[in-house]
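Note that the structure is predicted; figures quoted are calculated from it, not measured.
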Amino acid sequence: MIYQGAVRFDSIKSPVGLVFVAVSECGVCDVTLGRDSERQYRMQLTRWAPEVERDRERVATVLDQLDEYFSGTRRQFSVSIDLERTTVFTSRVLNAVTQIPFGQVASYGDIAQRIGAGSASRAVGGALGRNPVPIIVPCHRIITWKGQLGGYAYGLRAKRALLQLEGQNI
């Protein structure tokens, strides 16, 4: 999926490293952890956006909310989310994940049940691995039915740190 309009981005330092954020006309369309290079991030964005510009002002609301989250003063995000690049199934999974409150966890199977696809735990995991806006869509709150971390696209250390920030010690 290629965007027709411009995508604006900037970054913020966080307890899990540098976090890059991009917004489209419809809302937050990308959050990426683990990149140290603006050039690499810009190249990542140009794969699906024809116009990419650094624009702190356009991204400021998202960055402010992320900063509040990392400092422990924000428990829920109130920014628009653009899931245009996701499939219908992935979008259903991510919308279900947004319902998990701060400091709580759910299993892959719980999410499969919530979306009416009870036996699709593995597919839920795959959809979470394609989450374009982690943290804002809190896929880090999904764990295995045994209470273990499971996977995380940005590594288990980052997942554990985000859960600990929310008071979970898994």
Side-chain angles (χ1 to χ4, degrees), residues 1 9 11-23 27-37 40-41 44-45 47-48 62-63 65-170:
M1 156 83 213
F9 77 95
S11 62
I12 184 174
K13 291 181 181 176
S14 82
V16 292
L18 197 58
V19 177
F20 282 95
V21 176
V23 297
V28 182
C29 59
D30 189 82
V31 174
T32 296
L33 292 72
R35 287 245 191 258
D36 293 329
S37 163
Q40 286 179 338
Y41 185 65
Q44 173 185 318
L45 295 178
R47 290 184 193 128
W48 50 267
V62 183
L63 296 177
Q65 288 191 20
L66 281 166
D67 190 45
E68 291 166 0
Y69 170 80
F70 289 123
S71 67
T73 60
R74 176 169 292 274
R75 293 175 166 249
Q76 186 173 351
F77 293 93
S78 62
V79 293
S80 297
I81 300 170
D82 180 352
L83 297 177
E84 191 173 317
R85 292 183 299 130
T86 64
T87 65
V88 171
F89 179 80
T90 297
S91 191
R92 285 176 44 215
V93 168
L94 299 179
N95 285 322
V97 169
T98 63
Q99 304 305 309
I100 302 168
F102 180 95
Q104 294 184 25
V105 294
S107 73
Y108 297 94
D110 293 336
I111 298 302
Q113 290 292 327
R114 288 182 194 189
I115 65 168
S119 62
S121 296
R122 286 184 186 267
V124 165
L128 294 175
R130 293 184 297 276
N131 178 3
V133 287
I135 303 171
I136 294 171
V137 173
C139 57
H140 61 276
R141 295 179 187 155
I142 308 303
I143 60 173
T144 70
W145 66 274
K146 292 181 179 180
Q148 298 172 329
L149 286 178
Y152 192 60
Y154 296 101
L156 295 182
R157 195 168 86 196
K159 184 172 186 170
R160 185 175 287 113
L162 292 169
L163 288 170
Q164 287 174 342
L165 181 81
E166 296 185 15
Q168 289 285 336
N169 287 314
I170 297 174

[X] vs [Y] side-chain heavy atoms within contact, under 4.5 Å:
| X | Y | answer |
| --- | --- | --- |
| W48 | C29 | yes |
| D82 | P132 | no |
| K159 | L162 | no |
| F77 | L66 | yes |
| V21 | I136 | no |
| R114 | I100 | yes |
| F20 | D30 | no |
| T86 | R130 | no |

[X] versus [Y], closest heavy-atom pair with distance:
| X | Y | result |
| --- | --- | --- |
| S121 | G109 | OG-CA, 3.3 Å |
| V137 | N131 | O-ND2, 2.9 Å |
| Y154 | T32 | OH-CA, 3.7 Å |
| A158 | V16 | O-CG1, 4.0 Å |
| I115 | A96 | CG2-CB, 3.8 Å |
| I111 | A106 | CD1-CB, 4.5 Å |

Would you give the length of the straight line joining atom [atom1] of [X] to atom [atom2] of [Y], rounded to the nearest 0.5 angstrom?
| X | Y | atom1 | atom2 | answer |
| --- | --- | --- | --- | --- |
| L163 | N169 | CG | CG | 9.0 Å |
| R85 | T90 | CZ | OG1 | 11.5 Å |
| E166 | Q164 | CD | CD | 11.0 Å |
| I135 | L33 | CD1 | CG | 4.5 Å |
| L63 | S14 | CG | OG | 11.0 Å |
| Q104 | Q168 | CD | CD | 8.0 Å |

Are side-chain N/O atoms of S107 and D110 paired as donor and acceptor at under 3.5 Å?
yes

Any donor-acceptor pair under 3.5 Å from Q65 side chain to S78 backbone:
yes

Are any side-chain N or O atoms of N95 and backbone N or O atoms of S91, one a donor and one an acceptor, separated by less than 3.5 Å?
yes

Among residues at least two apart in sequence or on other chains, which ones pass salt bridge (charged side-chain N to carboxylate O under 4.0 Å, His left out) with R92?
none

Specify whether Y69 and F102 have parallel, tilted or perpendicular ring planes, treating 30° as the upper limit for parallel and 60° as the lower limit for perpendicular.
perpendicular

Assess whether side-chain contact (heavy atoms from CB on, under 4.5 Å) is satisfied between K13 and L18, documenting all intermediate values.
CA-CA 5 Å; K13 291 181 181 176; L18 197 58; 4.1 Å; yes

